[in-house]
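The basis for the numbers below is simple: all heavy atoms, side chains too, and nothing from hydrogens, waters or symmetry mates. Just so we're on the same page: letters track the sequence lines, and every chain starts at 1.
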Amino acid sequence: MPVRIWGDAVVGLRSPVPQVQEIVFRNFYTAFLSVRVQRPGPGGSRRWMTCLRDLCLMPCPHTEEGSQDYFCLHRHQVSMSGWDRGVTSLWCSPLSAHTPGWLPLQGSGAHVPLTPMAARVPVPHSAPPALTGRCLPWTSSIWGGLGVLGGCPKSCPQSVPAPVVTLPVPSLQMLCDLDQVTAMRFILRQPSPVWLHFTIEDLQIFPLGQKSPQKDFPSWLSQLTPPEQPASLHGELPDPEKVSTEVQQMWVLTEVIRARQAAARIGRFDVDGCYDVNLLSYT
Amino acid sequence: MVSLHKPEIKLESLKEDIKDFLKTSGWEKKLQNAVYSELNVFPSPCHPAAPPEHIKEPLAYMRKAQGSWEKRILKSLNSMCTELNIPLAQKRPANEQKELLNKWNEMGTDEPDLSLFRPVYAPKDFLEVLMNLRNPNYENGEQPSFRNHLGLIQVPLKVKDIPELKEDFNELGLNIGQLGIDDSAQVPPEFFENEHVRVGQKVLAEQDSAAAQQYVRQGCPTALRADLWALILNISNQPEDILYYEQLKSNVIQHDLLVDSLIYKDVKLTASNDDYYFVFEDYLYQVLLCFSRDTSVLEHFTYSSATPPKSYIQGKLGMEEYAVFYPPNGVIPFHGFSMYVAPLCFLYHEPSKLYQIFREMYVRFFFRLHSISSHPSGIVSLCLLFETLLQTHLPQLFYHLREIGAQPLRISFKWMVRAFSGYLATDQLLLLWDRILGYNSLEILAVLAAAVFAFRAVNLMEVTSLAAAEAVLADLSTLKVMPLLQIFLFATVT
C-alpha cells in the first residue's frame with residue numbers, strides 16, 4: 001500500500017485580499033509546511049510565488065512534539081530582502097523553553113533572550129544573511145510569533161545535536177509580500193510513515209485590519225526596554241512631558257493592579273456553610 | 001513607601017528612587033523570586049487561539065484517556081460510598097469537632113475501623129491504563145514492526161537520549177563535585193565539601209531563588225537543605241500563610257470527608273509501616289487532611305491534564321449554584337500518596353511550613369506522576385524514557401527480561417510514581433529530590449530507574465521469572481543514587 005508522504009491542499013479566496021495580515025491554523029501531524037500564493041504578476045497576469053518554505057511544525061516527525069499545536073504566520077516575518085531595507089530589529093519567541101536562557105547570535109553581535117515572552121532584538125546594519133548561534137540543549141525549536149528567527153536545530157533523537165547551529169534566515173521567512181492574494185496553496189509534508197493521516201485544521205486567514213484573538217496584555221510589556229542611562233539632573237530640569245508620561249504609566253499600572261484584586265481567593269469550598277455531598281457527578 | 005514621603009524625593013527622579021528603594025529594602029529580590037517561581041511553574045504562553053484544554057494537554061487522545069481514567073475513579077468512589085452507606089462529605093457534629101480538636105496533634109493514636117475502606121486505585125491499576133494508551137492516528141499494527149515499541153508504552157512521545165541527557169544534566173558530570181559522592185568519608189572536605197557549603201550559605205544570604213536552583217544541582221548540605229528548598233519553592237511562611245493553614249485546620253474540624261478515611265488508611269498501610277517514616281504519622285494527617293480542603297490547589301488544574309471531580313450539595317444535581325468540587329482541592333488520593341509528604345518531615349517540623357512546602361511540591365511536580373499527559377515530566381514520558389534508555393543501552397538485559405515475562409516497567413513503575421519515596425534510604429532520596437528541584441524536571445527519576453537496572457544487570461540476566469526479577473530489585477535501601485546516575489550518564493560506553 002503506497003505510503004502517503006506528502007500532501008497538498010489548495011485554498012482559494014473569494015476575492016483578492018488587499019493584504020493578508022495573519023494565517024492561523026491548528027496542526028494535525030503535519031511535519032513541514034510550505035505556502036504558495038497567487039498574486040498579480042507583470043502585465044496583468046497572475047502567477048504563483050512561494051512565500052514560505054518548509055516551516056518546521058514537528059521537530060521530530062516520528063514523535064508527537066508539535067503534532068497538535070496552534071501556529072500563527074504573520075506578514076511581518078522578516079524577508080531576505082528585508083536586510084537591505086534597513087531592518088533594525090528581529091522578533092523571536094521560543095515555542096518551548098523550560099528555563100530562561102540566552103542564545104548568543106554570533107556575527108550579529110546580538111543576544112536573543114530565550115524567555116517565553118517575545119522580544120525585540122536590535123540588529124546592526126551589517127548583519128549577515130545567516131545567523132549562527134549556540135543552541136542550549138533544552139530548546140527544541142525556535143518559532144517566531146511575529147518574526148521568525150530560524151529553523152529547527154534538532155530534527156531527530158538519533159542524531160547528536162550540534163552545539164553550534166546555523167539558522168538560515170530565509171528558511172522560515174515570508175519570501176514575498178502578502179498583498180493582492182487571489183489564491184493560497186498549503187503544501188503539507190510528513191516524511192514519517194507512522195502516522196495514518198496528516199493535515200492542518202481550523203485554518204483562518206485574517207486580512208489587514210483584522211487580527212486573530214490576541215492575548216490580553218499591554219503592548220509595552222512585550223518590548224524589552226533598553227538599559228536606561230540615569231537622567232543627568234545637573235543644572236537643567238527634565239522635560240516635564242517625559243516625566244508626566246512616566247508617572248502616567250505608573251499610575252495606569254497601579255490602577256490595573258487595584259482592579260485585579262477582586263479576583264483574590266476566598267478559600268471557601270462550601271455553599272452557604274453547607275458541604276453535604278453524596279455522590280460525584282460524571283459530567 | 002515611608003521613604004517616598006521624604007522632601008528630598010523629587011518627581012523627576014521618582015522612577016529611579018523607587019527602583020533604588022526596591023533594591024535596598026529587598027523587595028526587588030522578592031519580586032524576582034516570585035517571577036522566577038511563576039516561570040518555573042506555569043507553561044510558556046501558547047498561541048492565543050489555543051483553548052484552555054490545549055494548555056492542559058495539547059494531544060486530544062491523551063485528554064480523552066485522562067477523562068476516561070477519571071470517570072473510572074469517580075465510579076469507584078461512588079460505589080464505595082453507596083456500599084458503605086457513607087456520604088462523601090458531611091458536617092461534623094459539635095462533640096466530634098471538639099474531640100478532633102483535642103487530639104489534633106496525636107491523630108495517629110486513633111484506631112478507626114478502616115477494614116471496609118479500600119484505596120481508590122493503586123499504581124499497578126494506573127499502569128494498566130497507560131499500557132493501553134493508543135494514538136488513533138498512529139500505525140498500531142498487530143504485526144511487530146519498527147513502529148511498535150518493545151516496552152509497555154506504545155505512544156510515540158519525544159524522549160531524550162543519553163547525549164541529550166548529558167547536556168541537560170551536565171552538572172552531574174564526572175569532573176564536577178557532587179554531594180552524595182565527593183562528601184564521602186574518604187574524600188577530604190577541603191576538596192569540595194567545605195567550599196560548597198560556603199557557597200550555599202552565600203546563596204541563602206542573597207535570598208536568590210534562581211541561584212539556589214542552580215546550586216542544588218550539586219546537592220544540598222544537610223544543614224542548609226530546608227532553607228534552600230524553601231527559597232527555590234518561594235515559601236516564606238508569613239503570618240498570613242500560618243493563618244491560612246489554621247483556616248484549613250478549622251475546615252478539617254468542621255467537615256468530615258470520605259477521603260479522610262482514605263488518607264488514614266493510606267498512612268496506616270504505607271508510612272506507618274516504614275522504618276524511616278512511622279515517627280511522622282501525626283504530621284502526615286495534619287498535612288494531608290488540610291491539603292484535601294485547600295481550594296488554592298485548584299489553580300494547578302489550568303496546567304494539569306486532570307480535572308477536579310464535581311458534585312452538587314443536598315442532591316441538587318445539575319444546579320450550578322449548588323455545584324462544588326470534591327474534595328475541595330480536587331485531588332483524590334491513591335495508595336501511596338502519603339509517601340509524597342513523608343520525606344519532607346525530616347526537613348520541616350513546623351506544620352504550616354511543612355504544609356506549604358508539600359503543597360508547592362505537589363503543584364509543581366507530584367501531580368504529573370498520577371495523571372495522563374504528554375508533558376516531558378509526566379509519568380507517560382518518564383515510562384517511555386525509562387524503557388527507551390534500557391532498550392538502547394542494555395539491549396540484552398531488556399530482551400531477556402521481556403522474554404521471561406518480566407517487562408522492566410512492571411518493576412520500576414512504582415518507584416517512579418512515588419518519586420522513589422519509601423524505596424531509597426532517606427538521605428539518598430533527599431539527594432535525588434535536590435536534583436528534581438534543581439533541574440525543575442522529573443526526568444531524573446527515569447534515569448535513576450534505568451541506572452538501577454544497569455547496576456543489577458548481572459543478577460537480572462540470571463533470573464527466569466518476573467517474581468525472581470522483583471526479588472533482585474526488592475531492596476534499594478543500600479543504593480547510592482549519585483554514583484549510579486553519574487556512571488549511567490557519563491561513564492557508560494554508548
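Atom CG of B:N251 is separated from atom CG of A:D270 by 7.5 Å, given to the nearest 0.5 angstrom. With rounding to the nearest 0.5 Å, the separation of OG in A:S67 from CG in B:L157 is 9.0 Å.
Residues A:L280 and B:Y326 form a side-chain contact, since some pair of their non-hydrogen atoms from C-beta on lies under 4.5 Å apart. Looking only at side-chain heavy atoms (C-beta outward), A:T63 and B:V159 stay at 4.5 Å or farther from each other. By the 4.5 Å heavy-atom criterion applied to side chains, A:D69 and B:P58 are counted as neighbours. Side-chain contact check for A:F269 versus B:F325: every heavy-atom pair is 4.5 Å or farther apart.
For B:L74, the parts lying under 4.5 angstrom from a heavy atom of chain A are both the backbone and the side chain. There is no contact between B:T392 and chain A, counting heavy-atom distances below 4.5 Å. Neither the backbone nor the side chain of B:I86 comes within contact range of chain A; no heavy atoms are under 4.5 Å apart.
A perpendicular orientation is assigned to the rings of B:H255 and A:Y275, their planes being inclined by more than 60° (bins at 30° and 60°).
Residues B:L59 and A:Y29 share a closest heavy-atom pair of CD2-OH, 4.4 Å. What you find for B:K91 and A:D276 is that their closest heavy atoms are N-OD1, 3.4 Å.
Residue with the most contacts toward chain A among B:N137, B:N135, B:N78, B:N329: B:N137 (heavy-atom pairs, distance under 4.5 Å). The choice from B:E70, B:Q254, B:K75 that makes the most heavy-atom pairs within less than 4.5 Å of chain A is B:K75. Options A:N278, A:L279, A:D202 differ in how many heavy-atom pairs under 4.5 Å they form with chain B, and the most are formed by A:L279.
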Quiz prompt | Trace of the side chain to side chain contact (heavy atoms under 4.5 Å, CB included) decision for B:K71 with A:Y282 | solution = CA-CA 7 Å; B:K71 205 163 175 179; A:Y282 295 132; 4.1 Å; yes

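Counting only N and O atoms by type, the side chains of B:Y61 and A:E64 include a donor and acceptor under 3.5 Å apart.
Side chain of A:Q68 to main chain of B:A60: a donor-acceptor pair is present (N/O by atom type, distance under 3.5 Å, no hydrogens or angles).
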